[in-house]
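Worksheet for the structure shown next.
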Number of protein chains: 2
Amino acid sequence: MEILEAAARLFAARGFHGVSIEDIGAAVGTSGPALYRHFSGKEALLSEMLLDISERLHASAAARVTAAPDAEHALDALLTGQIEFALGHPALITVHDRELGNVPEPARRQIRRLQRLYVEEWVTVLSELHPGCPPPRLRAATHAVFGLLNSTPHSAGELPPEAMAPLLRAMARAAFTEAGN
Amino acid sequence: MEILEAAARLFAARGFHGVSIEDIGAAVGTSGPALYRHFSGKEALLSEMLLDISERLHASAAARVTAAPDAEHALDALLTGQIEFALGHPALITVHDRELGNVPEPARRQIRRLQRLYVEEWVTVLSELHPGCPPPRLRAATHAVFGLLNSTPHSAGELPPEAMAPLLRAMARAAFTEAGN
DNA sequence: CGTGGATGTTAGTCATCATTAACGTAACCG
DNA sequence: CGGTTACGTTAATGATGACTAACATCCACG
């Protein structure tokens, strides 16, 4: 949806409470209250947005892992997916890890669940690659690598995406390898 | 200042616009407008907060680098400083890389300047360690490692700080080494 | 044709704030 | 003591903003 794209850009730039319904309307060429024909309210819009992102990330990860022949390739595929997403949709990534606190309770739990499942895809693969490494350590390492990969919005423009993607991948792999010891 | 600490916690949790002056007052035991005896306004409070953080980070980095005998130790010292800060003041870290957009223009430029200087401390050290590696690549790698180190607020509770600190350090070093190729 | 549903528009309404005013109080200093 | 300074308090005040109402339009389908 075009509305969600525009809202994501605005939320990423100024934060959920820093953006008005009128702002979002203006960004899609309509004015303000027209959005209530599509969303029941501002919080519902945010809920739908985060739910959509979480679902896409988790579904893509699950598909990639089951399609991979072994853990080594699975990790590569996970990295590819996350890097593509981070480079292709920086606003969505930004909102995804900043605005969960503003989602009201029914949806909040669901989003957390999907995020947890996403992390567990990574941890499962890593466990196979580094048996004997305690899962909490792998979980912490996974979060750290997410932070590394999602740094993209901050370093915008330092490198072209064609150079950024392999750099991020190499750094992430090295970091994981080191974390496995 | 106790006010800045409380405000940082609130801003980190709900975002600048999600926190009212009254909220901050309540968090320090006074009520609302009393804060105007200490700050000229909400934006000024944020400005002072980010300026203070940027100054501390930059000053600490500069001191550590000049005290180090060589680039190898300098990088270690930089990592130590950033990890201590990230683990010790997660709210400050969070606000520092989320809320720059809400700082009004006089202070904004100054904060950006300090942040740039901070990054350049890292890039200078890394350049010495990896001569021949183009600075934009080192800058991008530095931002990526900041993302890795600052992931702490997300993985809160996965590992105790005594385990988290060496893990982050090892991952960051490995990532930098890989980026240097 | 015409009628209903989807989608917009503009003008309220009602809260929530940031900020200021007007007014204490208590310590400190001459 | 008299008065200034530092710091709080509780009422305005004035914007801004989410959401609703009342009122078009337009298009599909009978």
Side-chain angles (χ1 to χ4, degrees), chain A residues 1-53 91 94-96 98-108 111, chain B residues 1-53 91-92 94-96 98-108 110-111:
Chain A
M1 178 106 54
E2 188 199 357
I3 296 174
L4 288 174
E5 286 285 336
R9 263 189 300 279
L10 291 169
F11 289 163
R14 312 210 292 269
F16 180 69
H17 295 289
V19 176
S20 73
I21 287 287
E22 185 65 35
D23 291 335
I24 303 173
V28 297
T30 85
S31 249
L35 301 182
Y36 285 88
R37 300 291 179 189
H38 304 275
F39 298 93
S40 68
K42 201 185 172 191
E43 290 186 329
L45 190 155
L46 180 67
S47 298
E48 186 162 328
M49 183 170 127
L50 289 193
L51 214 56
D52 180 60
I53 300 170
T94 298
V95 173
H96 184 250
R98 277 181 200 187
E99 305 293 2
L100 180 59
N102 291 311
V103 175
E105 241 324 330
R108 173 103 129 266
I111 295 166
Chain B
M1 177 106 55
E2 188 200 357
I3 296 174
L4 288 175
E5 286 285 336
R9 262 190 299 279
L10 291 169
F11 289 163
R14 311 209 293 267
F16 180 70
H17 295 290
V19 176
S20 73
I21 288 286
E22 185 65 35
D23 292 334
I24 302 173
V28 298
T30 86
S31 249
L35 301 182
Y36 285 86
R37 300 290 178 189
H38 304 274
F39 298 92
S40 68
K42 200 185 173 190
E43 289 185 331
L45 190 155
L46 180 66
S47 298
E48 184 161 328
M49 182 168 129
L50 289 194
L51 214 57
D52 180 60
I53 301 170
L92 294 183
T94 298
V95 173
H96 183 250
R98 278 183 199 186
E99 305 291 2
L100 180 59
N102 292 312
V103 174
E105 242 324 328
R108 174 104 128 265
Q110 175 107 5
I111 294 166

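Residue numbers begin at 1 in each chain, while the letters A, B, ... track the order of the sequences.
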Pro33(A) side-chain proximity, nearest of dT10(C), dT9(D), dG17(D)
dT10(C)

Evaluate the side-chain proximity of Asp52(B) to Leu92(B): yes if any heavy-atom separation is below 4.5 Å, no if none is.
no

Could you state the CD1-C1' distance from Ile21(B) to dT10(D), rounded to the nearest angstrom?
17 Å

Could you tell me whether a side-chain N or O of Arg108(B) sits under 3.5 Å from a main-chain N or O of Val103(B), the two making a donor and an acceptor?
yes

Check the distance between dA6(C)'s P and Phe39(A)'s CZ and give it to me in whole angstrom.
16 Å

Using a heavy-atom cut-off of 4.0 Å across all strands, would you classify Gly41(B) as base, sugar-phosphate, or nothing?
sugar-phosphate

Rounded to whole Å, please give me the gap between CG in Leu35(B) and C1' in dT20(C).
14 Å

Please check if the side chain of Glu99(A) supplies one atom and the backbone of Leu46(A) the other of a donor-acceptor pair under 3.5 Å.
no

Length of the line joining Glu22(A):CD and dT10(C):C1', which is rounded to integer Å:
11 Å

Exactly one of Arg98(A), Met49(A), His17(A) clears side-chain contact (heavy atoms from CB on, under 4.5 Å) with Phe11(A), and that residue is Met49(A)

Go through dT9(D), dT10(C), dA18(D) for me and flag the one nearest to the Ser31(B) side chain.
dT9(D)

Report the distance from atom CD of Glu43(B) to atom P of dC17(C), rounded to the nearest whole Å.
16 Å

Whether His38(B) contacts dG8(D) is assessed here as follows: a side-chain N or O lying under 4.0 Å from the phosphate OP1 or OP2. Is that the case?
yes

In terms of side-chain heavy atoms of Tyr36(B), which of dC17(C), dT9(C), dT20(C) is nearest?
dT20(C)

Rounding to an integer number of Å, can you tell me how far Ile3(A) CD1 sits from dG8(C) C1'?
12 Å

Looking only at the side chain of Arg37(B) (C-beta and beyond, no hydrogens), which of the listed nucleotides dT9(D), dT20(C), dC17(C) gets closest?
dT9(D)

For residues Ile24(B) and Leu10(B), report the shortest heavy-atom separation together with the two atoms involved.
CA-CD1, 3.9 Å

Output the rounded distance in Å from NE2 (His17(B)) to P (dA15(D)).
19 Å

Checking contacts here: which listed nucleotide (dT19(C), dG17(D), dG8(C)) is nearest the side-chain heavy atoms of Ser20(A)?
dG17(D)

